[in-house]
Amino acid sequence: MQKKVYIESYGCQMNVSDSEVVASILAKDGYTAVKSAEEADLVLLNTCSIREKAEYTVMQRINEMNSLKARNKGLKVGVLGCMAERMREDLLEKKKVVDLVVGPDAYRTLPDLLEKVGTGQKAVNVLLSREETYGEIVPVRLDTNGVTAFVTIMRGCDNMCAFCVVPFTRGRERSRDPQSIVDECRDLVAKGYKEVTLLGQNVDSYKWRPTPSASDAGADSTRSVDPSGRPANDTTGATDFADLLELVALACPTLRIRYSTSHPKDMTDKVLVVMAKYANICKYIHLPVQSGSSAVLKRMNRGYDRAWYLDRMASIRRHMPDCSISTDIIAGFCGETEEEHQETLSLMNEVGYDMAFMFKYSERPKTLAARKYPDDVPEEVKGRRLAEIIEAQKLSSAKRMASYVGQDHEVLIEGVSKRSAENMFGRNSQNSIVIVARDLGGLELRPGMFVHARITSSTAGSLQGEVTGIVDEAFASA
Ligand code: SAM
Ligand code: SF4
C-alpha cells in the first residue's frame, strides 16, 4: 500500500529546501507527499529555532497533532530541523504525540528510524555532521509553482554571531560539490523551471576544494564543469562563490539566478563583478546589517562595523547602479541605547533599502549573547524601536518602488494575483512584485513567461505594470 507523508516547513528558505530533500529520501522508501496532515500516515514538522516565537508556534502545532492522532490511530508524527537538536529531550519526554525526532544532518537515516517507529518505539537521531551536504540527492519539489526553485549550496554556519542559534542547531559550515549544484540547476531547466535561488547561511564563504577522489574522476567530455569543480583558469584548486555563480550562469543561460544570504564581512567585489557581467544573475542582494551602530555590531560579533557595511553598499552601487538591496534588522539587542537605535534609523535612511525583515531581539539558549550579556532592553522599548524601524522601512520601500515608475522591466510571471483573477503577478530582477493584466490582447499570460513591462504605478509593497511584449529569448542581452 502507498504510504503518505505530509511535510510542513517553518522558518527560513533552507528548511523549505531541506523538506524537499526529505521528500526525496522518503520517496525511495515508498512514500508519496500529500497536501494535508489529514490525508497522511506520517506528518513531519520541519522546525525553526531562530526566535522563541517560532518555537512556540511549532509547539502549538505539535499539540494539535493529538486530536489528529485520536482520529487516525496509525498516524506517526515526527519533528525535524533546528528544534530537533535543541529540544529532543523535551519533545520525546513531554510531548507523547511525537514518535520521531531527526536533526538536519540525519535525514538519510529516516527510513531506518521509521522502521523502528513502525514497531511502536520512539526513534531519534540528532547527530550533526561535518560532511553531509545531501549533494547527490535530487529533491522532490513540494508546493511548487513550476517556475521558481531553491537549491542549497552549503549547510551549517561557522560565524557565531552572538544572537544566533543556527551554528548550534545546524552545525559546522560545509560546501556542496559545484558539479552537483550545476547538475541540479540543469535538471530544473529541463523540467521547465525559470528561476533558481542558491541558498546558504553565508554564501560568500562558499568554498569547495576538490578531494583526491573527486579529481580522480577523470576527464569526462559531457561535463562542462571541471570534475574538480574548478574553473579552467583557477590555480588555487578551490571554487569560491563568485566562481560558482559564474559556473551556474554559464551552464544555464536561460535560467534566472538569485542567491541568499550574503554576509557583509565576506562579500567580495569579485562576486559583484560576476553579478554585473551576467544578465541572468538578478540585480538583487540581501545583505543583513542587523544594526547601524558599530558598538552594537561589535557586541553582536558580526565582524564588520558601520563604515565597512557602507563601503560594501557603495561598491554594490558602483558595480550595479540598478541593484536593489534588502536587509535584516534586530531591534533591542542586549545593551542597545537610544543613540545606538537612532544609528540604525540613520543607516536605513542613508542606504535606502528596498525591503527589510525586522525583528525584536529574542534571547536564544547557548548563544554567546545569552552567556555574556543580559537581555536588558525592556519589552515595550523593543516594541517601540521595532515599530520605528518598520515605519522607516515603509517610507524607504515606497520611495524605492516609486523610483521604478516609468522604467521598463523584465518580469518573470509566477502565478495568478491573489487579489484578482484578472491579473498575474511576477518579479523583476530587483525582486519586487509586479502586477500585470492577465490578458494581453487575446493572449493569456501563463506562469513561466518572461515579459517586458512598463512600470505604471507603485505602492510600498508592489509595482503595477503594463506588458509591452513577450521576451522571445530571455537574457539575450547577456
Ligand atoms: N545567515 C544570515 C545572516 O547572517 O545574515 C541570516 C540567518 S537568520 C536565519 C535570519 C535573521 O534572523 C538574521 O539575519 C537575524 O536578523 C534574525 N535573527 C537571528 N537570531 C535572532 C534572534 N536571536 N533574535 C531576533 N532575530 C534574530
Ligand atoms: Fe546566524 Fe550569523 Fe551564521 Fe547568519 S552568519 S546563520 S546570523 S551565526
Side-chain angles (χ1 to χ4, degrees), residues 9-18 46-57 81-83 85-86 104 128 150 152-175 197-206 241 259-267 285-292 296-304 309 312 325-336 344 347-348 353 355-377 379 382-383 385-386 389-390 393:
S9 299
Y10 293 83
C12 65
Q13 296 166 335
M14 302 231 26
N15 261 5
V16 175
S17 179
D18 276 7
N46 195 357
T47 62
C48 170
S49 284
I50 202 82
R51 282 167 290 276
E52 200 178 357
K53 204 167 130 199
E55 288 189 345
Y56 179 77
T57 309
C82 292
M83 279 171 73
E85 208 284 329
R86 221 184 75 62
L128 290 171
F150 296 127
T152 296
I153 63 165
M154 58 202 294
R155 303 183 68 82
C157 184
D158 282 351
N159 274 327
M160 293 291 167
C161 298
F163 50 80
C164 185
V165 79
V166 168
F168 303 93
T169 60
R170 300 187 75 94
R172 299 302 297 267
E173 179 186 292
R174 63 228 103 113
S175 298
T197 303
L198 307 177
L199 294 179
Q201 292 296 351
N202 174 4
V203 291
D204 296 298
S205 64
Y206 175 90
F241 182 59
Y259 63 86
S260 190
T261 303
S262 289
H263 196 301
K265 85 175 159 62
D266 297 321
M267 197 191 72
I285 300 181
H286 182 61
L287 196 64
V289 67
Q290 314 297 358
S291 167
V296 173
L297 289 170
K298 190 152 198 270
R299 291 202 291 284
M300 286 178 165
N301 198 30
R302 284 288 286 180
Y304 57 88
Y309 187 88
R312 296 290 73 214
I325 298 160
S326 62
T327 200
D328 293 347
I329 297 177
I330 298 179
F333 183 66
C334 311
E336 187 188 69
T344 296
L347 180 124
M348 292 175 76
Y353 291 109
M355 207 265 292
F357 298 100
M358 299 153 284
F359 315 100
K360 274 196 268 186
Y361 171 60
S362 162
E363 186 176 272
R364 305 283 56 219
K366 281 199 198 168
T367 57
L368 184 68
R371 285 180 279 129
K372 200 166 162 191
Y373 306 117
D375 180 10
D376 54 1
V377 177
E379 197 52 33
K382 279 186 192 170
R385 288 181 188 168
L386 178 64
I389 288 168
I390 291 172
Q393 187 50 45

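Each ligand, and each atom within it, is numbered from 1 in the order the structure gives. The figures here come from the full heavy-atom set of this structure, side chains too, leaving out hydrogens, waters and symmetry mates.
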Regarding T152 and S17, is there a side-chain donor-to-acceptor distance under 3.5 Å anywhere?
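Side-chain D/A pair, T152 to S17: present.
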Could you verify whether a donor N or O on one side chain and an acceptor N or O on the other, from T197 and Q13, lie under 3.5 Å apart?
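Their side chains do not contain a donor-acceptor pair, so the 3.5 Å distance test is not met.
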Nearest non-hydrogen partners of L287 and T327, listed with the distance
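Of all heavy-atom pairs spanning L287 and T327, the closest is O-OG1, 2.9 Å.
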Would you name the heavy atoms of E173 and D158 that are closest together and state the gap between them?
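Looking at all heavy atoms of both residues, the shortest contact is N-OD1, 3.0 Å.
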Those atoms of ligand 2 less than 4.0 Å from some heavy atom in H263:
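It comes down to these atoms of ligand 2: 5 (S).
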Using a 4.0 Å cutoff against the non-hydrogen atoms of R302, which atoms of ligand 2 qualify?
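Heavy-atom distances to R302 below 4.0 Å select 2 (Fe), 7 (S).
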Q393 side chain near M348 side chain, heavy-atom distance below 4.5 Å:
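Side chain of Q393 against side chain of M348, heavy atoms only: contact under 4.5 Å found.
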Taking C-beta and beyond as the side chain, do S205 and H263 meet within less than 4.5 Å on heavy atoms?
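They are not in contact (no side-chain heavy atoms under 4.5 Å apart), so the answer is no.
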When you check the gap from the basic side-chain N to the acidic O, do R170 and D18 get nearer than 4.0 Å?
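Judged by the 4.0 Å cut-off on N to carboxylate O distance, R170 and D18 do form a salt bridge.
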Short N-O contact, K360 and E379, less than 4.0 angstrom:
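Salt bridge: yes.
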Please tabulate, line by line, the atom pairs linking an N/O of ligand 1 to a protein N/O at a distance below 3.5 Å, with the distance in Å to 0.1, or answer 'none'.
residue	atom	partner	partner atom	Å
ligand 1	1 (N)	Q201	O	2.7
ligand 1	1 (N)	Q201	OE1	3.1
ligand 1	4 (O)	R302	NH1	3.1
ligand 1	12 (O)	R51	NH1	3.2
ligand 1	14 (O)	Q290	NE2	2.8
ligand 1	14 (O)	D328	OD2	2.6
ligand 1	16 (O)	Q290	OE1	2.7
ligand 1	18 (N)	R51	NH1	3.4
ligand 1	23 (N)	F163	O	3.0
ligand 1	23 (N)	S362	O	2.7
ligand 1	24 (N)	S362	N	3.0
ligand 1	26 (N)	R51	NH1	3.2

Nearest 0.5 Å, what's the CD1-CD distance between I50 and E55?
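These two atoms lie 10.0 Å from each other.
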Lys/Arg cation over aromatic F359: R51, 6.0 Å, 45° cone
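Output yes; distance and angle both within limits.
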Number of protein N, O or S atoms [distance to atom 1 (Fe) of ligand 2 under 2.8 Å]:
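Protein N, O or S neighbours of atom 1 (Fe) of ligand 2 under 2.8 Å, waters not counted, come to 1.
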